[in-house]
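A quick write-up on the structure given underneath.
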Amino acid sequence: MGDASPEAAAAKAEAMRGFLISLPSYLYLVLFFAVPFVIVLVYSFASRSSTGRTVLGDWNLVSYKRLFDPLVAQIAFRSLWLALATTLLCLVVAYPFAYFIATRTPRVRNALLILVMIPFWSNFLVRTYAWRVLLGSDGPVSQITQVLGLGETRLLFTVWAILIGLVYGFLPFMVLPLYAAIERMDWSLVEAARDLYASGWTAFRKVTWPLTTPGVIAGSILVFIPALGAYVTPAILGGARTVLLGDYIVDQFLAARNWPYGSALSVALMTVMLFATFVYFRAGGRNL
Amino acid sequence: MPAVELIGVTKRFGEVIAVDRLDLAVDDGEFFSLLGPSGCGKTTTLRLIAGFEFPTAGSVRIHGREVGLEPPNRRPVNTVFQSYALFPHMTVAENVAFGLEMRRLPSAEIAERVRKALDMVQLAHRADARPSQLSGGQQQRVALARALVCEPEVLLLDEPLGALDLKLRQAMQVELKDLQERVGITFVYVTHDQQEALTMSDRIGVMNEGRLLQVGRPEDIYERPTSRFVADFIGDINLLEGRRVDSETVELVGGHKIRVLGDPSSSHVTVAVRPERLELMSDSDRPPDRLNRLPGRVIRRTYLGDVIGYRVDCGGVVVEVKEENRSGLVVRQVGDDVLVVWEPEAGGIVVD
Amino acid sequence: MERLLAANAWAVFAFFYLPILVLIVLSFNENRNVNIWTGFSTRWYGEILDNADVLRALRNSLVVAGVSTVCSTALGTAAALAVERFRFRGRRLFDGLLYLPIIIPDVTMAVMMLLFFVQALDLVNGLLGTRLNLGLATISLSHIAFNISFVAVVVRARLGQLDPAIEEAAADLYAGRWQVFRRVTLPLILPGVLGGALLALTLSLDDVVITSFVSGPGSTTLPVYVFGLVRRGVTPLINAVSTVMLLGSMLLVGLSLMVQRRPATLGGGNR
């Protein structure tokens, strides 16, 4: 290889062409993504003056040390279990749901898919707000429970409200990849398993489930990541005692004005995300 | 001057050598087939002629003009793809007109030539259909018309009949050959189907592992394969291993001596002989002395309709025999003692 | 089993739609107290039209969404073509860079954008003596930054389904590179490009976190404005604005369905 044959020259020209086509978006992402990433990294080592200004130059690890504060651990733990619970709930509900859609006749299937697409495309903020209306102290849900003699519901501003909001918000992200995986599966394989004396449940466990795990992994990643970094949902449905990582980070910038600490938190969160996706890609999934 | 000439062409993809120092000349007006198993480099060779790949080394010439590094749109050749590659967003007529439009011909001429091309493939009535509305055979004809309407110096066909069912494929083979004779354009045809190659080609080049093993007329390739691979790849054949005794005698593994034509050059010899060239006789038939004979016993009989196949164990060598199912044929039973008999000219010596 | 599956499915659909329906119904409640139904009225929709803040926020949103959709669609499509059709040095790095904005949570992206623009504006203003500030421009630039990746993913999926022989056939029929792209590749990936554009538009109209970080005075977008109101409580005006936003979303769903319904197959489908 490496010979200066005319073919190699032609291949080089072709590679150059590809590079040039990528160049505008490449440069854009370097300038508006890679560089900002580096700036956040730099800020996380900076210090903060008593007035809340960020001082670049006096580099230290103060912000990172604060990550080991029990308060942070508490918030991180709350975020983590909420994200995991959201993912699990979505999976448990969405799998049979996607299975149901995928096993309908093509006409019904397309109609049902449209019904899934509508919430998927609908404004996330508005959908979250709907639960604020529903769960309010004299909102519709509370009115119903009162009529039923169960008393007022006091869900709003608790973690339970956040959990409902997260599941509601991210369920479509779980349904669509699961549907894609189940729909694309070769059903004759299940029939083959049944033919080879597998019970319905065993056929599912040994054939259907393994064949659809790429969809399960993709859906889980698509739910887990935004749920872990959620900001809008806890901000609308949560209260002062249900702070999550997302609103905690935002607070450092918009309220507490501690940018270095907020940066360190961001870096930590990103590291977790990148690790999670790395595991995902190692597990063999490729389609987001 | 050959229509297509490849001189010392090599194509490497990373570490893999797809085409290995290939020399080939296709004559003007010829129907030439490249035949070989999948992965033998035949499609890469075609793509080198079309311009979809550039050679790592060597020269590609079309009517004497060097085109090795020209992009496909600057080569006077057109291709019929295995998947047809019709433009799904254009009608049949728009597909056929595409090449002429790209060459900026006057629109009146384009319309006229498109009409003629569609007439030629009997699809004038589907001019406004989309490719997806056509049957496989019809799509195939559109692909053909789209390439031929440009009047290329060479037409390249990459397994164009591969996606059709058997009946349609056989009909299209005849049609393609007729068409080629009518338009007089040089065809280079890639296929892995030996029957197809034998039926249509003026000449065949057999490829394996990036190399061109033998080039010749269909009867040359079938009757006188020069290598074990060619002999084995095309049709059924008996390969008899043996040792050279003298310039025209070979002693087979079982100890029987047979006569061959052409002096075997090495001491170890492989003699190739087609099953249909063998005949079964009984001792009482007294075959003439000049014929080769192997005594043996029938161990399997296969009824194929027009042909009856036998497997005969001749003590150390097992041979396949095919006898035409004509009236008066003596049908042997499994276990019968027979003589396998053939003319010495029917056996050829092949190299490994 | 089948019954259970069906029951689950209808429960999920109810879960999806009931909250939205309640919201829409309540937006037509005439009472100032959202939760006490006193009669049907469209007065809150009238109030939207009288509310200058909402209208300005809406206009800002449309400007940002329009600009960022056009730019990110062009950049994202080119990016998809480059990674899917070419091999070049740095391709793997580019591929990775292209995925990151999808993977990273909104909050961290928002932090990145804020710090970047604070530094960048400092630098530019110092060098050129200008007094540029956070505003619609910085919001648009941020939206492009995450939308490029989403457009690229959608377009790549479409390109991946395209039989490469179709583009080769065009080149074989004397089309130059540009003609191959304009006459064959682009028309065939157009549903993907439009789908990507609609996704970009939706994401841009949805974004709260990143926008609120990089917006300046007077450059609030509609979701950010509504978010500010929502944090303070439930009002009939928000219900009405929300219903309008939902309607906009439905419009986009309809458009995207139309785009994907185009019957163009991608070749190679006859095997």
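Side-chain atoms are counted along with the backbone in the values below, which use heavy atoms only and exclude waters and symmetry mates. Proteins get letters first, then strands, A, B, ... in listed order; numbering begins at 1 in each.
- The six-membered or imidazole ring of C:Phe227 lies near that of A:Tyr231, with a centre-to-centre distance under 6.0 Å.
- Ranked by heavy-atom pairs under 4.5 Å with chain C, the list A:Leu134, A:Ile118, A:Ile225, A:Ile249 is led by A:Ile118.
- Residue A:Tyr28 touches chain C through its side chain alone, counting heavy-atom pairs closer than 4.5 Å.
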- Message: Run A:Phe100 and C:Val12 through side chain to side chain contact (heavy atoms under 4.5 Å, CB included) and show every step you take.
- Response: CA-CA 11 Å; A:Phe100 178 79; C:Val12 172; over 6 Å; no
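- When heavy atoms are compared at a cutoff of 4.5 Å, C:Phe116 approaches chain A by way of both its backbone and its side chain.
- With a 4.5 angstrom heavy-atom cutoff, A:Leu112 touches chain C via backbone and side-chain atoms both.
- For a residue to count as touching a neighbouring chain, one of its non-hydrogen atoms must lie under 4.5 Å from one of that chain's; by this rule A:Gln143 touches chain C with the side chain only.
- For A:Leu269, the part lying under 4.5 angstrom from a heavy atom of chain C is the side chain only.
- For A:Tyr43, the part lying under 4.5 angstrom from a heavy atom of chain C is the side chain only.
- With sequence neighbours excluded, the residues that form a side-chain contact (heavy atoms from CB on, under 4.5 Å) with C:Thr73 are C:Thr69, C:Thr77, C:Val151, C:Val193, C:Ala197.
- Interface remark: A:Leu125 contributes side-chain atoms only to the contact with chain C (heavy atom separation under 4.5 Å).
- Both the backbone and the side chain of C:Leu75 come within less than 4.5 Å of a heavy atom in chain A.
- Chosen from A:Pro226, A:Ser263, A:Ala235, the residue pairing most often with chain C at heavy-atom distances under 4.5 Å is A:Ala235.
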